[in-house]
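Each remark here refers to the structure printed beneath this line.
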Amino acid sequence: MSQPTTTRPEPAATGGEIPPHRYTSALAEQIELRWQDWWDEHGTFETPNPSGPLGDPDAVAARGERLFVLDMFPYPSGKGLHVGHPLGYIGTDVYARFKRMTGHNVLHAMGYDAFGLPAEQFATETGQHPAVTTAQNIEKYRRQLRRLGLAHDPRRSVSTTDPQYYRWTQWIFNQIFNAWYDDEAQRARPIAELINQFESGTRVTPDGRPWADIPAAEQQAIVDGRRLAYVSDAPVNWCPGLGTVVANEEVTADGRSDRGNFPVFKRNMRQWMMRITSYADRLLDDLDVLDWTDAIKTMQRNWIGRSEGARVDFASPAGTISVFTTRPDTLFGASFMVLSPEHPLVDELATAGRGEEIAAYRAQAALKKDFERQDDTREKTGIFTGSSATNPVNGEEIPIWVADYVLMGYGTGAIMAVPCGDQRDFEFARKYDLPIPPIQRPPDRWLSEHDVSTDDSLDTSAWPVAYVGNAAYVASANDGLDLNGVDNTTDGIAMTNAWLEANGVGEATISYKLRDWLFSRQRYWGEPFPIVYDGDGQPHALPDSLLPVELPDTDSFSPRTFDPDDEFSNPESPLDRLEDWVVVELDLGDGVKTYRRDTNVMPQWAGSCWYEMRYLDPTNENCFVDPDVERYWMGPRTDVRPDHPGGVDLYVGGVEHAVLHLLYARFWHKVLFDLGHVSSKEPYARLYNQGYVMAHAYKDEREIYVEATEVDGDDAQGYTHNGEPVTAVWGKMGKSLKNAVSPDEMYAQYGADTLRLYEMATGPLDASRPWETRDVVGMYRFLQRLWRNLVDEESGECVVVDADLDDETNRLLHRTVDFVRAEMDALRFNTAIAKLIELNNAVTKLEATPRAVAEPMVKMAAPLVPHLAEELWRKLGHDETVTYLDFPVADPELLVDDMIEVPVQVNGKVRSRITIATDADAAAAEAAALADDKVIAAIDGQAPKKVIVITGKMINVVV
RNA sequence: GCCGACGUAGCCCAAUUGGCAGAGGCACGGUCUUUAGGUGGCCGCAAGUGUGGGUUCGAGUCCCACCGUCGGCACCA
């Protein structure tokens with residue numbers, strides 16, 4: 001091999017003077033700003049579509065396989081970004097850039113979810129119109145994200161607040177409004193098909209009358225009752241502190257709003273609902289074909305809350321009372337019944353003289369907040385109605401009670417109480433001295449664990465708690481059903497269900513926790529509903545030609561909010577006040593008439609239910625996305641796996657949207673799929689949850705957070721703020737903990753490439769990690785060494801040589817290439833970075849840097865530090881962007897060495913190391929090991945019983 | 001209480017998925033350049049797989065029990 005023609009200059013280290021071409025933060029900034037402008041000018045990140053306005057079929061073919069990478073839609077808050085926000089954005093950017101270099105046509109864009117409460121609140125606080133503040137906030141975000149060097153297609157950046165965007169949000173609402181769920185076909189269909197079925201008689205009307213005999217108003221009511229978006233007068237979550245109603249998903253476990261933490265009250269109100277419950281089974285079943293983490297799937301399953309059981313009918317003086325139970329097999333042990341205080345039959349069941357007492361109980365239950373009633377540490381209360389019901393399996397008369405631990409919102413609002421087999425019923429029976437008949441003999445182990453003698457196994461008065469589980473049934477038989485001796489609940493349930501159905505007193509059924517989605521908000525800053533009401537108060541969807549229904553401009557955009565505890569206040573939508581806007585003259589097909597607009601707005605989640613599809617075709621004026629374009633970017637990849645549902649190839653975001661955005665978006669997508677507008681049945685095929693950036697936060701003695709940057713001290717000394725002692729706590733970086741670090745500080749100190757590299761190096765993308773500003777310098781030093789290996793710090797000239805690479809470095813290079821490819825593909829950027837540093841450190845030790853290692857190093861670094869890579873690629877004499885270069889490929893022959901050192905264990909302990917040929921067979925390896933001096937000494941003359949040879953890994957001698 | 005994720009060096013993290021516990025970064029020590037300082041160069045560093053059992057020739061990795069941290073759900077019949 002030839003000698004290098006130049007030698008590496010000594011690092012300039014004379015005091016004071018920093019060499020003019022050292023990679024400093026000032027140089028980094030200059031390079032970064034220059035390349036960001038260059039990329040924009042050259043449209044470097046513009047991604048071609050197969051057809052339509054952004055279509056360029058030739059470019060699509062040249063780029064390769066499609067790959068749609070998506071970040072969760074950011075909400076542009078007034079405070080701008082902190083270094084925790086872009087963790088996921090940098091991750092997707094590195095991945096997308098890597099994939100562009102490995103033969104993929106990558107779509108990566110960023111838009112803004114800008115409608116909603118915080119924008120409105122920020123506007124109110126600052127006295128500016130939300131349209132103004134929102135535009136400012138989006139600009140700020142765009143500027144901060146651009147400064148990071150993210151390779152987004154700028155043409156595809158959308159905002160939910162743009163009328164050209166929400167026109168399609170309204171259009172999709174109309175699709176949902178004009179659809180019904182066909183339970184037999186298990187899919188949504190256009191509402192016109194339902195009307196056709198009624199008209200033609202293929203579907204029987206609810207009361208059996210011919211459709212033509214039903215008055216028009218009733219016809220409309222029947223149809224409206226089937227729509228997937230419908231107006232309902234039902235219990236909703238009223239939040240006076242926010243001045244609006246909110247969805248179940250937006251109420252925390254302790255009965256408060258997730259935004260603002262205000263009390264939420266259950267109230268009957270007339271509101272828009274979305275029939276998401278029709279999709280419960282599909283939302284549940286299709287989780288199986290999604291490449292999501294178990295954590296998120298489990299949360300969605302829990303939220304949908306499907307439970308299989310049976311409906312059982314009990315006869316009572318007020319008629320049949322149906323209950324839902326997951327344990328119909330325990331019906332013989334039902335010794336009383338409990339109704340929710342809100343149950344409609346309670347008044348009728350109250351016997352003479354008990355009415356007043358019962359009314360009082362109901363009144364006090366109604367005063368309790370839901371979350372108080374659900375506090376399981378509270379002692380159960382209840383009251384006897386005086387009436388009894390008949391247990392259908394044994395004809396026994398059992399008392400009917402009312403108790404607030406039974407909720408009207410789940411099942412049927414009535415339960416059969418089986419105190420021997422349900423802890424809640426057990427406690428209730430003990431308190432009110434109700435019988436606890438045994439129907440299972442608990443196993444001996446349970447008896448001994450609960451200090452019950454086996455003689456008392458069927459004496460429930462000796463039991464401390466209810467027995468829940470498998471055990472042989474006793475006293476569980478009637479003329480047609482005999483469970484006695486059956487020892488498992490599965491068979492018991494199946495047998496009982498069959499009997500219930502055969503005797504017409506119940507059936508196997510399924511219950512869900514999921515409720516329909518409350519879709520209207522009494523706010524200003526949201527999408528108006530594309531709905532008007534006629535003189536009879538009937539809703540009509542506006543035709544496409546009248547979309548968008550633009551949000552009217554007004555100075556009085558603040559909603560009326562109330563005392564957060566004023567439960568009986570009433571929502572007042574800001575749009576209600578705009579009488580000129582509300583009243584419209586329209587011809588909807590039967591002449592010009594006066595209509596009133598719907599004055600609600602959609603919830604913040606509406607715009608994010610379909611935004612990924614607008615990225616695909618952002619300028620299309622004829623449809624929300626061209627079907628061909630959707631099929632190209634999101635169609636099912638059955639070539640990858642047969643059950644691939646289609647959707648975004650990689651979706652990265654936080655875990656906090658598990659049951660909000662991710663459930664709603666799946667629902668909308670399935671409706672659009674059913675109606676034939678999209679080819680994918682799921683929006684997000686693969687979901688990856690990035691971790692959070694954590695940071696120390698500090699609380700003073702009042703438990704109030706203080707600005708972390710103003711705190712002095714350390715763990716040993718203790719911490720102080722303005723001289724007052726404070727305590728350190730650990731939390732997610734953010735405004736609320738006052739521990740945010742701005743990316744602007746990092747740009748000034750190190751540059752964007754160093755920040756990108758640091759965020760990726762601190763751990764795997766899905767792990768939360770602490771932010772340590774003092775650690776960032778490590779990545780800065782690496783980039784300085786990389787720069788110095790290629791560039792003379794004094795002259796700024798490229799110093800690579802065209803010498804051959806020595807064998808050792810060449811092998812290291814190929815091992816690095818092999819490793820980095822695999823790690824980047826698996827989103828493990830931290831280990832990829834470690835290997836690049838290792839390679840660079842090895843290159844530093846060479847006399848000079850051969851081009852043969854410099855160029856692959858720059859290419860491998862390009863996804864991580866794109867600005868620096870572009871600059872170095874120029875210095876290496878090229879004039880194209882690094883964005884679409886081919887990522888290096890390892891030569892497999894260079895990945896294996898001829899000789900290899902393997903450890904030799906004796907009885908599992910490493911005693912020696914020997915060097916053998918890599919392709920040595922087991923016998924040769926064994927012979928070499930047994931001939932080794934240290935091994936001979938260790939086995940001390942004993943005959944080896946067994947020698948285990950793991951080729952290329954190790955040898956273990958067992959004596 | 002139930003479900004999920006996770007415990008490796010002073011700190012952040014690796015370990016080819018059952019095969020030599022250490023790749024990388026920070027911190028730390030030494031040293032060079034410097035009047036000095038460090039966002040510079042070079043060299044060095046120790047000890048550690050949460051606890052207790054089990055399987056195995058061999059366990060950070062698999063199994064059981066427990067402890068701890070984080071997240072979600074919770075009178076859901």
Quiz prompt | Sugar-phosphate, base or nothing in reach of A/Met299, heavy atoms under 4.0 Å | solution =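 Sugar-phosphate, backbone atoms only, no base.
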
Exercise. Quick one: label A/Arg311 by what it contacts on the DNA or RNA (base, sugar-phosphate, nothing), any heavy atom closer than 4.0 Å.
Key: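 Answer is nothing: A/Arg311 stays at 4.0 Å or more from every strand.
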
Measure [atom1]/[X] against [atom2]/[N] and give the value in whole Å, please.
X	N	atom1	atom2	result
A/Asn841	B/G41	CG	P	10 Å
A/Asp425	B/C76	CG	C1'	13 Å
A/Tyr780	B/G38	OH	P	16 Å
A/Tyr692	B/G72	OH	C1'	12 Å

Select one nucleotide: of [options], the one nearest the side-chain heavy atoms of [X].
X	options	result
A/Val958	B/C75, B/C57, B/A77	B/C57
A/Arg424	B/C3, B/A14, B/A77	B/A77
A/Lys953	B/A77, B/G19, B/G41	B/G19
A/Arg788	B/A23, B/G41, B/C57	B/G41
A/Tyr410	B/G19, B/A23, B/A77	B/A77
A/Arg785	B/C57, B/A77, B/G41	B/G41

Using only side-chain N and O atoms of [X], determine if any of them is under 4.0 Å from OP1 or OP2 of [N].
X	N	result
A/Arg781	B/G25	no
A/Arg301	B/C73	no
A/Lys513	B/A74	yes
A/Ser511	B/C76	no
A/Arg828	B/A14	no

For [N], give the paired nucleotide (Watson-Crick: N1-N3 plus N6-O4 or O6-N4; G-U: N1-O2 and O6-N3; both under 3.5 Å), or none.
N	result
B/G68	B/C6
B/U56	none
B/U49	none

Quiz item: Taking the C1' atom of each, how far is B/C64 from B/C70, in whole Å?
Solution: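 After rounding to an integer number of Å, I get 24 Å for this pair.
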
Quiz item: Expressed in whole Å, how much space separates the P atoms belonging to B/C62 and B/U69?
Solution: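 23 Å, rounded to whole Å.
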
Quiz prompt | Syn/anti state of B/U69 by chi, 90° boundary around 0 | solution =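 Judged by the O4'-C1' to base torsion, B/U69 sits in anti, the angle falling more than 90° away from 0.
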
Practice problem: For A/Thr844 and A/Arg785, test the side chains for any donor-to-acceptor distance below 3.5 angstrom and give the result as yes or no. | Solution: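 No, no side-chain donor-acceptor pair sits under 3.5 Å.
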
Practice problem: Could you check which residues of residues 760-777 of chain A get a heavy atom under 4.0 Å from RNA chain B? Sort them by number, please. | Solution: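 A/Thr762, A/Pro764, A/Ser768, A/Pro770, A/Arg774, A/Asp775, A/Val777 - these, ordered by number, are the residues of the stretch whose heavy atoms sit under 4.0 Å from the strand.
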
Quiz item: Hey, is the side chain of A/Lys380 pairing donor to acceptor with the base of B/C75 inside 3.5 Å?
Solution: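 By the distance-only test, yes, there is a pair.
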
